[in-house]
Amino acid sequence: MEVYVHRGAGAYICGEETGLIESLEGKRGYPRIKPPYFPAVLGLYMCPTIVNNVETLCHVKHIIAMGGVNYAGLGRPNNTGTRIVCVSGDVQRPGYFEIEVGTVTMGQLVHEMAGGLRPGRKLKAVIPGGSSAKVLRADERFKLKQKQADGSTIEREMSIDEIPVDFDSLAAVGSMAGSGGVIVLDDSRDMVWALNNINEFYAHESCGQCTPCREGSLWMKKITDRMLRGGGVTEDPKTLKSIGDNIAGRTICAFGEACAWPTQSFVEKFPEEFATRAQKPVPPPLPPEYTPEELIEEESIPTVPMAHDPGWEKAGAKGTI
C-alpha cells in the first residue's frame with residue numbers, strides 16, 4: 001500500500017468530499033454538484049475515488065481483526081461499533097472519549113466521563129454533534145421510541161441526561177450525532193453570544209460558491225453581532241429564522257444546512273433571550289462608507305470596532321466583554 005499525505009490549508013469546506021477532491025487537484029475548495037460528480041464515479045482527476053473519514057479507516061483494522069459479527073456486537077442494534085466523541089465547553093475535564101455507540105447516555109458523558117459542570121453551575125444546553133447540530137435545552141423533555149427485546153416498540157419520555165449517545169436517538173430528539181463534537185453550555189452562557197460565535201465561524205468558512213450561503217451566513221452573523229452590541233430590533237429573531245430557512249436546501253453542498261441549523265434551533269429554543277436583546281424599533285445607523293478617493297485623501301479614518309470573540313471565560317452571563 002502506498003500512502004501519500006497532502007497538507008491542506010485548514011478549510012472547513014474541504015471536509016465536504018468533493019470540495020476536498022477539488023483542493024487535492026490544486027483548485028479552490030468548491031464542492032461539486034451531485035449528480036453527476038459522485039466521487040465513486042467521477043472523483044479525483046475524474047477517476048473513481050472512495051472518500052472516507054480517518055476515523056472510518058481506523059475502524060477497518062479492528063473489523064478485520066475481530067470479524068464483522070463480533071465488531072457489530074459492540075454498541076446497540078443499528079448503531080454498532082465505537083465512536084470517538086469530543087466533549088468541550090463548560091465541563092471540568094474536556095477531552096476525547098471512545099465509547100460504544102448507544103451504551104453511554106448524555107448524562108454519563110457530561111457528568112461522569114467529562115467530570116461534570118463547574119462548581120455551582122447548572123446545565124443549560126448541549127450541542128451534541130458539532131457546531132452545526134441543533135441545540136438541545138437541558139430542561140426539555142424528549143419522546144423517544146425504543147425497540148424492546150421481543151421486537152415491540154414503546155414510546156418513552158426522557159430528560160436530556162437519559163438520551164443515549166447514538167445516531168438514531170439524537171436524530172429522534174431533533175438533532176444529530178454529526179461529527180461527535182459535544183459542546184456543553186452552562187447557565188452562565190448567553191445564547192445570543194453563543195450563536196454569534198458559531199455564526200462568525202460559518203460566515204468565515206463559507207466558500208462563497210452559492211449565493212444563499214455566501215450572503216445569508218454573513219447576514220446572520222451581522223444581525224447577532226448587532227444584537228450583542230445593543231442594537232437589536234424587534235424583528236431580528238424573525239429575520240434570523242427567515243434567513244436560515246432560505247439557506248437550507250438551496251445550496252450545492254450541506255454547508256447551507258450546517259450554517260442554518262444553529263440559527264434555526266437557537267432562536268426556536270431560547271426565544272426569551274433573543275427577545276431581550278431585540279427591543280429597538282429601528283436598527284442603529286450604519287458607519288459611513290468611504291470612496292477609494294476619500295481613503296487616499298484622508299490621513300486617518302475613524303474605525304468602528306468589529307465583533308471579537310472574547311473566549312468562553314470572558315463572555316459571562318450577559319455576553320459582555
Side-chain angles (χ1 to χ4, degrees), residues 1-66 68 71 80-88 94-99 101 127-133 167 176-183 197-218 221 247-262 309:
M1 180 187 293
E2 292 183 29
V3 178
Y4 296 87
V5 178
H6 290 262
R7 188 173 181 178
Y12 180 82
I13 194 65
C14 289
E16 197 282 332
E17 57 182 3
T18 58
L20 176 66
I21 288 171
E22 286 282 290
S23 177
L24 277 172
E25 292 182 1
K27 294 180 265 186
R28 282 185 182 181
Y30 277 179
R32 298 172 178 175
I33 294 173
K34 294 182 283 189
Y37 296 107
F38 290 108
V41 182
L42 296 169
L44 187 66
Y45 304 120
M46 293 298 128
C47 297
T49 309
I50 301 298
V51 184
N52 275 305
N53 191 290
V54 173
E55 187 180 357
T56 305
L57 297 175
C58 288
H59 287 309
V60 174
K61 171 188 179 292
H62 302 292
I63 294 169
I64 292 170
M66 296 171 65
Y71 185 82
T80 57
T82 66
R83 188 95 204 272
I84 294 174
V85 292
C86 170
V87 185
S88 63
Y96 293 96
F97 306 94
E98 186 172 11
I99 62 170
V101 181
I127 304 173
S131 61
S132 62
F167 297 95
M176 64 176 179
S179 63
V182 179
I183 304 169
N197 194 1
I198 294 170
N199 283 348
E200 272 192 9
F201 171 76
Y202 284 114
H204 180 263
E205 294 295 338
S206 172
C207 76
Q209 184 176 194
C210 308
T211 304
C213 174
R214 180 184 68 245
E215 301 297 323
S217 60
L218 189 60
K221 179 252 177 184
I247 299 172
R250 291 170 170 83
T251 54
I252 286 172
C253 81
F255 188 100
E257 285 78 13
C259 73
W261 286 340
D309 175 8

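Quick caveat: nothing in here was measured; it's all calculated off a predicted structure.
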*Are Thr18 and Glu16 close enough that some pair of their side-chain heavy atoms sits under 4.5 Å apart?*
yes

Donor-acceptor list for residues 49-58 side chains, cut-off 3.5 Å, not counting sequence neighbours:
residue	atom	partner	partner atom	Å
Thr49	OG1	Leu44	N	2.7
Thr49	OG1	Cys47	O	2.8
Asn53	OD1	Glu55	N	2.8
Glu55	OE2	Ile84	N	3.0

_Applying side-chain hydrogen bond (donor to acceptor under 3.5 Å, both in side chains), can you list everything that pairs with Ser131, at least two apart in sequence or on another chain?_
Tyr202

*Residue pair Ile13 / Pro31, side-chain heavy-atom distance below 4.5 Å*: yes

*Just by modelled atom types, is the Tyr12 backbone N or O under 3.5 Å from a matching donor or acceptor in the Glu205 side chain?*
yes

*Determine whether more than 12 heavy atoms belonging to other residues, nucleotides or ligands lie under 6.0 Å from atom NE2 of His62.*
yes

*Residues two or more places apart in sequence or in another chain: which of them pass side-chain hydrogen bond (donor to acceptor under 3.5 Å, both in side chains) with Ser217?*
none

Please tabulate, for side-chain N and O atoms in residues 249-261, each donor-acceptor pair with protein atoms closer than 3.5 Å (sequence neighbours left out).
residue	atom	partner	partner atom	Å
Arg250	NH1	Asp245	O	3.0
Thr251	OG1	Cys253	O	2.8
Glu257	OE2	Gly249	N	2.6

*asked:* So, using side chain to side chain contact (heavy atoms under 4.5 Å, CB included) as the criterion, who are the partners of Ala133 when residues are at least two apart?
replied: Ile127, Pro128, Ser175, Met176

*Identify, with sequence neighbours excluded, every residue that meets side-chain hydrogen bond (donor to acceptor under 3.5 Å, both in side chains) alongside His59.*
Tyr71

*Just grab all the ring-ring contact (aromatic ring centres under 6.0 Å, His included) pairs involving residues 18-42, residues at least two apart or on different chains.*
none

*Mind checking the CD1-CZ spacing from Ile99 to Arg83? Nearest 0.5 Å is all I need.*
8.5 Å

*For Ser88, what residues pass the side chain to side chain contact (heavy atoms under 4.5 Å, CB included) criterion, not counting sequence neighbours?*
Ile183

_Smallest separation among heavy atoms of Cys213 and Ser206, with atom names_ = SG-OG, 3.3 Å

*Sequence neighbours left out, what passes side-chain hydrogen bond (donor to acceptor under 3.5 Å, both in side chains) with Tyr4? Give chain and number order.*
Glu2

*Could you walk me through whether Phe167 and Val101 pass the side chain to side chain contact (heavy atoms under 4.5 Å, CB included) test, one step at a time?*
CA-CA 8 Å; Phe167 297 95; Val101 181; 4.3 Å; yes

*Which pairs pass salt bridge (charged side-chain N to carboxylate O under 4.0 Å, His left out) with one or both residues in residues 18-28, sequence neighbours excluded?*
Glu22-Lys27, Glu22-Arg32, Glu25-Lys27, Glu25-Arg32

